[in-house]
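Just the heavy atoms: all of them, side chains too, but no hydrogens, waters or symmetry mates, feed the values below. Start at 1 and go down the list; that is how both ligands and their atoms are numbered.
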Amino acid sequence: MATDYIVKDISLADFGRKELDIAETEMPGLMALREEFGESKPLAGARIVGSLHMTIQTACLIETLVALGADVRWASCNIFSTQDHAAAAIAASGVPVFAIKGQSLEEHWDYLDKSFLFPEGPNMILDDGGDATLYVLLGAKAEAGEDLGVATSEEEEAIHAQIKKRMAESPGWFTKTREAIMGVSEETTTGVHRLYDLHKKGELPFPAINVNDSVTKSKFDNKYGCKESLVDGIRRATDTMMAGKVAVVCGYGDVGKGSAASLAGAGARVKVTEADPICALQAAMDGFEVVLLEESLDADIFITTTGNKDVIRIEHMREMKDMAIVGNIGHFDNEIQVASLKNHKWTNIKEQVDMIEMPNGNRLILLSEGRLLNLGNATGHPSFVMSASFTNQVLAQIELFTKGEQYNNEVYILPKHLDEKVAALHLAKVGAKLSKLTPEQAAYIGVTPEGPFKPEHYRY
Ligand code: NAI
């Protein structure tokens, strides 16, 4: 179907294709998979629903899945993260994609719904943050007679409305779709939390691969990716001078570590808040002052990286200085209590940048309405680091699609030899040469010369 897509402007496809061509030169892992599996097509017969930021890097992922034989339909997992030229290039290539930068919440769920509408129905999910999985499971619960409950946010209102619409149009659709799904591969920390939670409650109806916790994902994308893309987002949004400013980073997990390094690298004086003593100690020993947010409200820049909710609250924002910059790089927008600012005076400066007047007259600059700012205000992580993440995604899809029967309805991590393979595929691009262990050396440290090189409990 020639028009089976919703993009902002299909004439951006040529520009998208040029950037895609460049991205391919920076995504050696994905290109190696095309080489290795392009002929055998292990994903032939897979009908994959993708719910992941529709960027140039994701376009390269999509084209890899297609090269391996999959049918793919795609939506973005965030209303601000789409790169319209990337979406246009994918639509022009014939892959159905439903994503526009700045789409509404209603459109977000409508587009996600559309990404499920394969003529024969989908059989795989590739998720980022868990929205695609949530949509099917919540819908199936509603079909089983469970009350969706009262929506407590605009987000929930929008998903409930979309579920009711689909139930009215196609009775039994959610249950049928849930039963057809052979597995899900999940990209990010927040989505992975949701999967483990489902499993704990006995509600995970298919096997899942936690891509986030491949070492070559969370210790690279979350860390080195944010190291590049956080300051990029703040600069594109505000053009503010970073050097000399005081920045508070809430959370010092993988994303927090990258974010603090990003700000410090730009010359900001960085403070960190943490709830976990291990991460707090890491922050201190990396040279950052570990503080309480309440006692550091005179800073210039505040960034949340926790994946938690209500981290920067209204009482904090009331105390901030005039023109403080507030943003989030965690997956969902509830890290900052944006809803509590709704009755304040908002002045839109440009797309995804708002100035908000507080009762005391001070103004705050809020980035991407509290949604992840590296994708809302900039273009997310660079291709090279996303190549590592997405190589894990493709391997996870192959694993679940071709060997699904070997998996239970649990959450798995890819085996270490595949993690090491992903890393190995990225070495040549950065000119790294790998030392070869002699058989004697390998035996001495208890490994084989071909790897795996570390025991499962090693933490990197
Ligand atoms: P993580 O679990 O490694 O780190 C989160 C840290 O926040 C933990 O150390 C935790 O102790 C701390 N924390 C939790 N509540 C806190 C509070 N109230 N105050 C201070 N610290 C608190 O998780 P990770 O991998 O760093 O991911 C964080 C978020 O970023 C997730 O939502 C994830 O999905 C998202 N993410 C975003 C990316 C992006 O490009 N924007 C890339 C990768 C992940």
message: When you compare ligand 1 with I329, is there at least one nitrogen or oxygen pair between them that comes in under 3.5 angstrom?
response: yes

- prompt: If you measure every N/O of Y252 against every N/O of ligand 1, is any gap under 3.5 Å?
  reply: no

task: Would you check whether N212 has a nitrogen or oxygen atom less than 3.5 angstrom from a nitrogen or oxygen atom of ligand 1?
output: no

- prompt: V255 to ligand 1: N or O pair under 3.5 Å?
  reply: yes

- prompt: Does any N or O atom in T190 lie less than 3.5 angstrom from one in ligand 1, N or O only?
  reply: yes

message: Salt bridge or not between R236 and D232? Use side-chain N to carboxylate O under 4.0 Å.
response: yes

query: Where does the angle between the aromatic ring planes of Y135 and F174 fall among parallel (under 30°), tilted (30 to 60°) and perpendicular (over 60°)?
result: perpendicular

- request: Record the part of T273 in heavy-atom contact with ligand 1 below 4.0 Å; permitted values are side chain, backbone, both and neither.
  value: both

Among I365, L366, L373, the one residue meeting side chain to side chain contact (heavy atoms under 4.5 Å, CB included) with V353: I365

Heavy-atom nearest neighbour in the protein, as seen from atom 15 (N) of ligand 1, with distance rounded to 0.1 Å: N308 ND2, 3.0 Å

message: With respect to T188, determine whether any N or O atom, backbone or side chain, lies less than 3.5 Å from an N or O atom of ligand 1.
response: yes

- request: May I ask whether A275 has any heavy atom positioned less than 4.0 angstrom from an atom of ligand 1?
  value: yes

query: Do D419 and K219 sit within salt-bridge range, that is, some charged N less than 4.0 Å from a carboxylate O?
result: no

- prompt: Of all the non-hydrogen atoms in the protein, which one sits nearest to atom 22 (C) of ligand 1, and at what distance?
  reply: T306 CG2, 3.5 Å

Spatial distance of atom CG (L33) from atom CG (L425) [nearest 0.5 Å]: 6.5 Å

- line: heavy-atom search around atom 8 (C) of ligand 1 in the protein gives E274 OE2, 3.4 Å

- request: List the closest protein heavy-atom neighbour of atom 2 (O) of ligand 1: residue, atom name, distance to the nearest 0.1 Å.
  value: T189 CG2, 4.2 Å

query: Going by heavy atoms, is S218 under 4.0 Å from ligand 1?
result: no

Heavy-atom nearest neighbour in the protein, as seen from atom 4 (O) of ligand 1, with distance rounded to 0.1 Å: G253 CA, 3.2 Å

- prompt: Tell me, which protein residue and heavy-atom name are nearest atom 39 (C) of ligand 1, and how many Å apart are they?
  reply: N374 ND2, 3.5 Å

Name each donor-acceptor pair under 3.5 Å that joins a side chain in residues 197-207 to protein atoms two or more places apart or in another chain, with its distance.
| residue | atom | partner | partner atom | Å |
| --- | --- | --- | --- | --- |
| D197 | OD2 | K201 | NZ | 3.3 |
| E203 | OE1 | K141 | NZ | 3.3 |

